[in-house]
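Remarks on the structure that follows.
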Amino acid sequence: MAKSKRKTGIIIITIFILILVAVIIFICRCIALAFTDNIKDKYTLNEKSENTFLKTLLVGASFGKEFEISEAELNTYINKKYCTDYDGNNSGADHIMVYLHEEEPAEIYAHIYIKGLQLAVRSKVEFSLDKETSVISARFYDAYVGELGIPDSILSYILSRVSENKDNMSVSGTAISIVAKYTYEIKDYDIDLYIKNFVPSERKVMCQTNSLTGQALKVAGEYITSDEGREALSGIYNRIKDKVTSWFS
């Protein structure tokens, strides 16, 4: 009986050790996969656009007609706006590249750092636009850290960390949202520029905004009918009248 108990105890201990070894091997394997970086050529920005994203946006917005933003312009803007140099005490991304396709999901490759850990990450991306609020959302899925596939819970944690202290950006689950609206203040009047259409295509995005010309005319009309505007117009009229009168004096 004692031998039987001893034998059972040895078997249990052996099974426990085997399970422990298997778990350790699994964890080591996961860590090795997570820190594998085979995508450096994918997240490195090599093709910089001479035209800036905002310049193209403003030119296209002149009359509110549809225009395109190239993949190179978009990536140049993203890297300049949202990438920061490696900082072992903080979190962020120092390289980001988005690859756009017409009939396939867009892809994103990035090199990130979280509290001293440097990781290569990749994911598929689905873009959407809320036309009522001009909020562009990017939903990430099928994500990998290195060569290790990760669940949505870890993906959500990574997104929240790398987007910390980023202006105009919010994270909800596995989606990042940005308000695609810019307001220019002129005296007591606002001129708004906002996205009305955002459709990814092959290596470009087809966009449309409201008409800046229309906004400017609207503000001009409001100014002219205000007390300050009427006073300014009256002053201009009187100066013109005095000038014309002097010609015939």
Side-chain angles (χ1 to χ4, degrees), residues 23 25-47 53 68-79 81-84 86 91-131 133 135-164 166 168-180 195 197-207:
V23 169
I25 292 174
F26 175 76
I27 292 174
C28 290
R29 178 59 177 166
C30 288
I31 292 173
L33 288 172
F35 283 94
T36 299
D37 185 355
N38 293 325
I39 59 171
K40 186 175 182 179
D41 60 323
K42 288 284 191 178
Y43 60 65
T44 302
L45 178 65
N46 294 315
E47 182 185 356
F53 175 88
E68 67 177 54
I69 295 174
S70 70
E71 188 178 84
E73 283 181 292
L74 181 63
N75 282 315
T76 300
Y77 173 77
I78 289 174
N79 276 265
K81 175 77 173 177
Y82 296 109
C83 288
T84 53
Y86 170 72
S91 302
D94 52 9
H95 297 284
I96 300 175
M97 283 290 290
V98 177
Y99 295 88
L100 303 169
H101 308 292
E102 187 166 3
E103 297 182 356
E104 296 179 3
E107 304 166 277
I108 185 168
Y109 295 81
H111 186 261
I112 66 171
Y113 52 91
I114 300 177
K115 296 298 183 181
L117 298 177
Q118 300 187 64
L119 302 165
V121 298
R122 57 189 168 96
S123 171
K124 292 180 180 178
V125 191
E126 182 181 68
F127 293 100
S128 61
L129 170 66
D130 185 333
K131 295 184 179 181
T133 60
V135 172
I136 295 177
S137 297
R139 184 180 69 85
F140 302 88
Y141 63 99
D142 193 16
Y144 285 78
V145 172
E147 296 299 320
L148 179 67
I150 58 173
D152 287 350
S153 56
I154 294 179
L155 174 58
S156 178
Y157 171 77
I158 290 174
L159 292 175
S160 64
R161 294 307 302 268
V162 300
S163 62
E164 287 177 340
K166 296 293 188 297
N168 207 30
M169 180 184 290
S170 61
V171 176
S172 177
T174 62
I176 287 179
S177 298
I178 297 173
V179 180
I195 296 288
N197 201 26
F198 187 90
V199 181
S201 186
E202 189 64 34
R203 299 205 67 189
K204 63 185 178 183
V205 180
M206 301 307 299
C207 294

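Throughout, numbering of the chain's residues begins at 1 and tracks the sequence.
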| remark: Sorted by chain and residue number, the side chain to side chain donor-acceptor pair (under 3.5 Å) partners of Y144 (sequence neighbours excluded) come out as none
| request: Could I get the full list of side chain to side chain donor-acceptor pair (under 3.5 Å) partners for D37, not counting sequence neighbours? | output: Y43
| query | Excluding sequence neighbours, so at least two apart, what forms side-chain contact (heavy atoms from CB on, under 4.5 Å) with L117? | reply | F35
| task | Using the test side-chain contact (heavy atoms from CB on, under 4.5 Å), find all partners of T84 that sit at least two apart in sequence or belong to another chain. | result | Y113
| task | Taking salt bridge (Lys or Arg N to Asp or Glu O under 4.0 Å) as the test, write out the residues that go with K124, two or more places apart. | result | D142
| request: Kindly write out the residues that satisfy salt bridge (Lys or Arg N to Asp or Glu O under 4.0 Å) with E107, not counting sequence neighbours, or none if the list is empty. | output: none
| request: For residues Y157 and R161, report the shortest heavy-atom separation together with the two atoms involved. | output: OH-NH1, 2.8 Å
| Heavy-atom closest pair, residues S156 and T174 | N-CG2, 4.4 Å
[X] vs [Y] side-chain heavy atoms within contact, under 4.5 Å:
X: I150; Y: I158; value: yes
X: E71; Y: V98; value: no
X: H111; Y: Y86; value: no
X: I178; Y: Y82; value: yes

| request: Using the side chain to side chain contact (heavy atoms under 4.5 Å, CB included) rule, pick out the option among I69, L74, N75 that qualifies with L100. | output: L74
| query | Is the shortest distance from a Lys or Arg side-chain nitrogen in R122 or E147 to a carboxylate oxygen in the other one below 4.0 Å? | reply | yes
